[in-house]
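Heads up: the structure comes next, in structure tokens.
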Amino acid sequence: MGRFWVRISSSSFLLSLLFILVQMLGADSLLRNHSRVPALIAFGDSIVDPGNNNGLKTVVKCNFPPYGRDFVQHRPSGRFSNGKIPSDLLASSLGIKELLPAYLDPILAAEDLLTGVSFASGGSGYDPLTPQIVSVIPLEDQVKLFGEYISKLEGIAGADGAARIVSDSVYLVISGSDDLANTYFSTPFRRAHYDIPTYTDFLVQKASIFYQELYELGARKVAIAGAPPVGCLPSQRTIGGGIFRQCQDSYNQAARLFNSKLSKEIDKLSAALPGARMVYVDIYKNLLNVVLYPSSYGFKVSNKGCCGTGTIEVTLLCNELSPHTCTDVDDYVFWDSYHPTEKAYKIIIDDLVAEYLPRLL
């Protein structure tokens, strides 16, 4: 077998040990222990960011209580919710693992690379200006990190093993809501140059470039979520819903227009790119149904979040000193003024898995 010289430290012991096992046993024997989908890889914004923002100089982070109140060991991980997020729930549904870690997690192990990571960054979007405003990781850089990930994967599984993981994995992308809710409607920068139809065209153009870059790096099975009903998010009700905090219909109209254009572009790409299975996932209708008919899903409150008053608190404004944070989070569709609770995510993801996963695999 030859001899192996590995420098082992307390922080790298598991990583080094797995490198040795791969060399001794071969990558295939390790990969056969996983499901037929070897890995889940996620890109996008805070909905699937498990902590990539923790080390960034940005206000868009949540690695402090009460975030993570219902997560493993009740600890905040950087996930923008009280518990698990959609990327975790999908990884579990696929039989891969229970939690999808952040690629920038400083204690990431080699096994995590084999089974998938998330490159998502809370506050990011298809519009390059969106992440720039809040100093987070743009999709362009998330793709670059994916290229770096592939190189690391080749070091663990070999070139052939890495290529199989990349081509057989499922990819999840959730983006667009920050572009609409934050960059377009909450700042003047884009409205001075775009109306809603031209801005949604711009977003879809940027999205198309991003998906073609993923394809060129080897991604084939890509689930692409559209925008949610952004006008019904508690924060947007507070900002634009009037005294009664109604859903802001103009925001929702923009989301529906974007989704219609994105869906057509995804269908076009999937037909044009050999071997690609790019599937548009409609999260708009699922979340809207839960918001409009909360009691049908076991909720009592859908117009405000659990944290604080639930009307505006998100990220730094949702903290352990926030007054009035709810005691029974299962009554709430939203955790803060922007992000759903783990219970709401699970209901939505279960429905989406049943509807779309067969088309992806």
Side-chain angles (χ1 to χ4, degrees), residues 18 21-22 25-44 47-50 79 84-103 105 108-120 142-143 145-175 210-211 213-225 266 269-270 273-283 345-346 348-361:
L18 190 57
L21 288 174
V22 170
L25 302 176
D28 287 344
S29 63
L30 287 177
L31 300 180
R32 278 195 294 269
N33 291 327
H34 300 305
S35 64
R36 63 194 182 102
V37 177
L40 174 66
I41 299 169
F43 300 88
I47 303 301
V48 286
D49 178 3
R79 288 167 170 81
K84 295 180 180 179
I85 56 176
S87 44
D88 300 319
L89 299 171
L90 181 56
S92 179
S93 294
L94 290 169
I96 298 171
K97 54 187 173 184
E98 289 304 307
L99 300 172
L100 193 73
Y103 178 69
D105 187 334
L108 195 71
E111 175 68 12
D112 294 320
L113 297 178
L114 288 171
T115 52
V117 294
S118 173
F119 300 94
Q142 291 181 35
V143 171
L145 290 174
F146 179 49
E148 177 184 285
Y149 159 84
I150 294 173
S151 296
K152 292 181 179 179
L153 203 59
E154 290 173 346
I156 300 170
D160 291 341
R164 284 196 296 273
I165 292 173
V166 170
S167 63
D168 293 343
S169 292
V170 166
Y171 296 78
L172 173 65
V173 186
I174 299 182
S175 190
F210 170 71
Y211 293 114
E213 290 175 344
L214 285 188
Y215 178 85
E216 289 171 2
L217 287 171
R220 293 296 180 267
K221 303 171 184 177
V222 189
I224 301 158
I266 295 307
L269 286 176
S270 193
L273 300 174
R277 296 183 199 172
M278 295 188 177
V279 177
Y280 170 78
V281 177
D282 182 4
I283 63 173
Y345 276 141
K346 189 173 190 314
I348 293 168
I349 290 298
D350 285 349
D351 288 344
L352 295 177
V353 165
E355 182 175 358
Y356 293 101
L357 197 58
R359 294 168 52 188
L360 198 64
L361 302 180

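A quick note: this is a predicted structure, and the numbers were derived from the prediction, not measured. For the single chain, residues carry numbers from 1 onward in sequence order.
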What's the separation between atom [atom1] in [X] and atom [atom2] in [Y], rounded to the nearest 0.5 Å?
| X | Y | atom1 | atom2 | value |
| --- | --- | --- | --- | --- |
| Ile349 | Ile283 | CD1 | CD1 | 8.5 Å |
| Leu352 | Leu90 | CG | CG | 9.5 Å |
| Leu89 | Tyr345 | CG | OH | 9.5 Å |
| Tyr280 | Ile224 | OH | CD1 | 10.5 Å |
| Lys152 | Leu145 | NZ | CG | 8.5 Å |
| Leu99 | Ser118 | CG | OG | 12.0 Å |

Flag, side chain of [X] to backbone of [Y], donor-acceptor distance under 3.5 Å:
| X | Y | value |
| --- | --- | --- |
| Arg277 | Arg359 | no |
| Arg220 | Tyr215 | yes |
| Asp88 | Ile85 | yes |
| Arg79 | Lys84 | no |
| Ser169 | Ile165 | yes |

For [X] and [Y], work out which heavy atoms get closest and say how close.
| X | Y | result |
| --- | --- | --- |
| Leu100 | Ala42 | CD2-CB, 3.9 Å |
| Ala102 | Pro50 | N-CG, 3.4 Å |
| Ala110 | Ile156 | CB-CD1, 3.7 Å |
| Thr115 | Ile96 | O-CG2, 3.5 Å |

Just wondering, do [Y] and [X] contact through their side chains at under 4.5 Å, heavy atoms?
| X | Y | value |
| --- | --- | --- |
| Asp105 | Val117 | no |
| Leu108 | Pro101 | yes |
| Val37 | Asp168 | no |

Query raised in the report: Going through the checks in order, is the side-chain contact (heavy atoms from CB on, under 4.5 Å) test met by Val222 and Val279?
Result: CA-CA 6 Å; Val222 189; Val279 177; over 6 Å; no
Query raised in the report: Is the shortest side-chain N to carboxylate O distance from Arg164 to Asp160 below 4.0 Å?
Result: no
Query raised in the report: After noting the C-alpha distance and the side-chain angles of Asp112 and Lys97, does the key distance pass the side-chain contact (heavy atoms from CB on, under 4.5 Å) rule?
Result: CA-CA 9 Å; Asp112 294 320; Lys97 54 187 173 184; 4.1 Å; yes
Query - Partner of Phe43 under ring pair (Phe, Tyr, Trp, His ring centres under 6.0 Å), chosen from Tyr149, Phe119, Tyr211 - result: Phe119
Query raised in the report: When you look at Val281 and Leu172, which way does the side-chain contact (heavy atoms from CB on, under 4.5 Å) test go after all the steps?
Result: CA-CA 10 Å; Val281 177; Leu172 173 65; over 6 Å; no
Query raised in the report: Yes or no on side-chain contact (heavy atoms from CB on, under 4.5 Å) for Leu217 and Val166, after CA distance, side-chain angles and deciding distance?
Result: CA-CA 8 Å; Leu217 287 171; Val166 170; 5.9 Å; no
